[in-house]
Amino acid sequence: MPTAYEPVIGLEIHAQLKTASKAFCACPTTFGAKPNVNTCPICLGHPGTLPVLNANLVTFAVRMGLATHCSIRPVSTFARKNYFYADLPKGYQISQYEDPICYQGFVEIEQEDETTKRIGITRIHMEEDSGKSIHDLDIDTLVDLNRAGVPLIEIVSEPDIRSAREAYLYLQQLRQILIYLDICDGNMEEGSLRCDANVSVRPVGTEPFGTKTEVKNLNSFRNVEKAIEYEIARQIEVLEAGGSVVQQTMMWDAGTQSTKVMRSKEMAHDYRYFPEPDLPPVEVSEAWVGELGKSLPELGLDKKRRFRSQYGLPAYDAGILVDDVELAHYYEQAVKGLKNPSNDTFKQVSNWMMTEILRIMGERKIGVSEVGLSPLQLASLVDVVADGTISNKTAKEIFPDLVGTERLAGEIVEERGLVQVSDVGALRAIVSEIVSANPDNVQKYREGKTKLLGFFVGQVLKATGGSANPNVATDLMREALDGQPAE
Ligand code: ADP
Ligand code: MG
Ligand code: ZN
């Protein structure tokens, strides 16, 4: 019988923090500035300069720690991680080593089938980013030190992840938390969120972990999933062929969709960590941490659960709405503006957002606030359908007229004379005219061809220029044809 293997995965995630200035100097952190303008003697590593800790770095790290159920260390220290690289002018990176500020937490991930799982967080530590070497110009290797000293947190997971899909969901969950906390923009393409994946496999049913490899250079969610899948398959193949997995660092090559060896264990760095002598220990009081804990916003997964119970939304809708905190806020504003609140109208608001609003956002690559339709306008549109004033079809037609204006649906309905006829008396007269005018079809209907009901209702809609309320028209027509009173 062939051996079945189980993957074991742990992720190391670097998140660039949205502080205005760098970790240890006053330089701005703006992305995309001209090369080397955001620099000063401190982040350039000039001898004799002294780092000064940015308090926001600590605040953001602790907020993330609290949001991921970590313990917060009352006293933690910085250490120097020594290595030589062109984009690291000091010759070391200021990081944390043995006493990270946050430790032993977890995040909950929710699978597509809504089962949940906890992924442990080993540690979250504070550190500074390196500069950037730019190799892909023909001239030479260029160095841009704007990024040197930008604050990061590194979030290290326990090896609790068991598939590429789980890794994807975990990363998505962490990204959502970072964005909800407003401490990182989560942009993987621009490198403000970076992920390294540690992957090993073991025969199903065995305890000890296999030898792991670490895959770097994963700059999109898709690449994270693909690279892990590739690496799992590669390792299984090696083992099945009687070989053993070599502990090494790999690079994901998106071009060839494969992993390549970057360096092997023999070339592993010895960083010679030692305590950073220029920075005092970071002390955080229990009271301050308690205050930060109280100020945490409702996070995505909690919001999703609340949206499901409070508004009766399906998991799919709730998941999409909460994945963009602005969209979630917009949804709740719209729901608050409804004159006919019910699970049905709550779902209608979501439907408009899932279709028209997300479409506009995608086409124009904009946020919901730039769409040009206020939550109140959307509520007004859902309301005029819910109270029978217009049909859903008419609502679709006037939707574009609302966008970019401040008008409510009712005004447009009135101005364009779109109010649908629900007046039973008026419709009954039309119904009996149509019944008299179509004796052949009436006979066929009564002989059992009940599908003709659609034809008759269509005639009513036609006679009223589309303004008849289709539900009322159907009831009245059935009553006339079946010879039984409606209601
Ligand atoms: P290293 O010393 O090589 O950096 P760590 O113990 O610090 O290794 O772990 C780094 C990451 O690798 C963590 O996210 C951890 O969960 C994960 N990890 C550790 N051992 C394994 C393994 N055997 N297979 C997969 N992932 C692992
Ligand atoms: Mg490590
Ligand atoms: Zn600086």
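Note that this is a predicted model, so its numbers are computed, not measured. For the single chain, residues carry numbers from 1 onward in sequence order. Counting starts at 1 for both ligands and their atoms, following the listed order.
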**Study point:** Polar contact flag, side-chain donor to acceptor under 3.5 angstrom, E240-Y5
**Key:** yes
Point to revise | Degrees at the Zn ion (ligand 3) between the SG atom of C43 and the SG atom of C27, nearest 10° | key: 110°
Going by the order shown, which atoms of ligand 1 are within less than 4.0 Å of some heavy atom of [X]?
X    : value
V8   : 24 (N), 25 (C)
V156 : 13 (C), 14 (O)
E158 : 16 (O)
F209 : 23 (N)

Considering all heavy atoms, the nearest [X]-[Y] contact:
X    : Y    : result
Q93  : E128 : NE2-O, 2.7 Å
A15  : C184 : CB-SG, 4.0 Å
S369 : E326 : OG-OE1, 3.6 Å

Study note, to complete from the structure: Exactly one of F106, Y170, Y103 clears side chain to side chain contact (heavy atoms under 4.5 Å, CB included) with I121, and that residue is Y170
Exercise for review: Would you kindly specify which portion of E214 sits under 4.0 Å from ligand 1, judged on non-hydrogen atoms: side chain, backbone, both or neither?
Suggested key: neither
Exercise for review: With heavy atoms only and a cut-off of under 4.0 Å, state how T211 meets ligand 1: side chain, backbone, both or neither.
Suggested key: neither
Check your understanding: Would you call K18-D182 a salt bridge at under 4.0 Å N-O?
Key -> yes
Heavy atoms only: which of [options] is nearest to [atom]?
atom                    : options                : result
atom 10 (C) of ligand 1 : R202, E12, Q247        : E12
atom 23 (N) of ligand 1 : G210, S157, P159, G120 : G210
atom 12 (O) of ligand 1 : I121, N198, D160       : N198

Review point. Is the distance between the ring centroids of Y311 and Y331 less than 6.0 Å?
Key: yes
